[in-house]
Amino acid sequence: IEIIKANELYNTGNLSEGYALYYVRITNESRGFHKPEVLFLGSPHGDETVGTIGLYWFADWLMRKAFTDEVCKDYSKDWLKWLVDNREIYIALSLVSIFFGTSNFAVKPLEILHKEFGIFAVFTQEDKPAGRGRKLTPSPIKKKALELGISVYQPEKLDFDTISKIKDINPDFIIVVAYGKILPEEILNLPKYYALNLHPSLLPKYRGAAPINWAIMNGEKYTGISIIKMTKELDAGDILYQEKVEIGEEEDAKTLSERL
């Protein structure tokens, strides 16, 4: 159990009322592989000390009531209702997301997603020979995932073993950014909600490989990014979000990729 000031965790500064929001994270290790968390945000009203102690009481109650069969006469339903009504309590279950990516383009999305939501596992391509010595070199995504403490998988093929591993994880979402391989439909159908793809073009323009390069080569004035639901047809799913970006006159693929 962890209780942290949210304004320190997210570096948002103090609220106008002068109080910090408190972030209580309770992890149920007994549930095994997924390690689901219960999140709690509370804003103390009136006396800050009393409000803070109330958060500890609630966390203690929730830990024992939710994760054990223990009965405690000190914490009644009426007391819990009062706490919910007076302490702005919000409870949510954390989501389990898997990230597929390989190139530098995928590094920033991985960092942001992991910070905001938590990425459970990363799938990336195998280490490849690079440089004069042809030394096996990990992908940029593998390096970043290990730096962030995320489990990394590098399947040579997206076969039965890979599908079984993903089934074991039982993800809510699969997120794909510049992975470099086409995911089979069976994998796209595994997440509870969606498989989502971040694609560096204003779809339906420039589906497929190297969309940044093609946009520059064809003299486009604008390009952008699209977030889509993935289907078995390449880059053809429903578009959920797009953002337009102007292409500079002297811009190359590297600088444009970094901005996107």
Considering only heavy atoms from C-beta outward, does the side chain of [X] approach that of [Y] to under 4.5 Å?
X: N218; Y: Y206; value: yes
X: L110; Y: I119; value: yes
X: I225; Y: H199; value: no
X: I166; Y: I163; value: no
X: V107; Y: P140; value: yes
X: I216; Y: L256; value: yes
X: V176; Y: I174; value: yes
X: I228; Y: L196; value: no

Decide yes or no on side-chain contact (heavy atoms from CB on, under 4.5 Å) for L158 and L183, but give the supporting numbers first.
CA-CA 7 Å; L158 300 175; L183 271 61; 4.2 Å; yes

Joint cluster assignment, [X] & [Y], ILVMFWY side-chain distance < 4.5 Å:
X: Y194; Y: I182; result: no
X: I247; Y: L202; result: no
X: I98; Y: L190; result: yes

Heavy-atom pair of closest approach, residues [X] and [Y]:
X: S97; Y: I175; answer: CB-CD1, 4.1 Å
X: V152; Y: A145; answer: CG2-CB, 3.6 Å
X: Y222; Y: K244; answer: CG-CE, 3.4 Å
X: G101; Y: I141; answer: O-CG2, 3.4 Å

If you apply the rule side-chain contact (heavy atoms from CB on, under 4.5 Å), what do you find for L260 with V245, and how did you get there?
CA-CA 8 Å; L260 289 171; V245 173; 3.8 Å; yes

CG of N104 to NZ of K254: how many Å apart, nearest 0.5 Å?
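Spacing of CG (N104) from NZ (K254) equals 8.0 Å.
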
To the nearest 0.5 Å, tell me how far I187 CD1 sits from D159 CG.
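The distance works out to 8.5 Å.
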
Go through the structure and list residues passing side chain to side chain donor-acceptor pair (under 3.5 Å) with T223, not counting sequence neighbours.
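Here no residue qualifies.
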
Counting neighbours of [atom1] on [X] that are heavy atoms of other residues, nucleotides or ligands and sit closer than 6.0 Å, is the number greater than 12?
X: K128; atom1: NZ; answer: yes
X: E126; atom1: CD; answer: yes
X: F105; atom1: CZ; answer: yes
X: K181; atom1: NZ; answer: yes
X: E147; atom1: CD; answer: yes
X: L146; atom1: CG; answer: yes

Between the main-chain N or O of [Y] and the side-chain N or O of [X], is there a donor-acceptor pair closer than 3.5 Å?
X: R259; Y: E246; answer: yes
X: D172; Y: V96; answer: yes
X: T255; Y: D252; answer: yes

In this structure, which one of F99, F123, F100 forms a ring-ring contact (aromatic ring centres under 6.0 Å, His included) with Y153?
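Among F99, F123, F100, the one meeting ring-ring contact (aromatic ring centres under 6.0 Å, His included) with Y153 is F123.
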
Would you please say whether a donor-acceptor pair under 3.5 Å links the side chains of K142 and Q154?
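Their side chains do contain a donor-acceptor pair, which is all the 3.5 Å distance test asks for.
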
Does one side chain, of D161 or S164, offer a donor that lies under 3.5 Å from an acceptor on the other?
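Side-chain D/A pair, D161 to S164: absent.
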
Basic-acidic side-chain contact under 4.0 Å: E258, K108:
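No, this pair does not count.
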
Is any NZ, NE, NH1 or NH2 atom of the basic residue among E111 and K144 found under 4.0 Å from an Asp or Glu carboxylate oxygen of the other?
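Yes, this pair counts.
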
What pairs of donor and acceptor atoms, side-chain ones from residues 235-242 against any protein atom, are under 3.5 angstrom apart with sequence neighbours left out?
residue, atom, partner, partner atom, Å
D235, OD2, G208, N, 2.7
Y241, OH, E243, OE1, 2.5
Q242, NE2, L203, O, 2.8
Q242, NE2, S226, OG, 2.8

What residue pairs, at least two apart or across chains, pass side chain to side chain donor-acceptor pair (under 3.5 Å) with a residue in residues 130-140?
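Those involving residues 130-140 are T124-S139.
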
Step by step, would you call E186 with K167 a side-chain contact (heavy atoms from CB on, under 4.5 Å)?
CA-CA 11 Å; E186 188 171 358; K167 283 182 178 179; 4.0 Å; yes

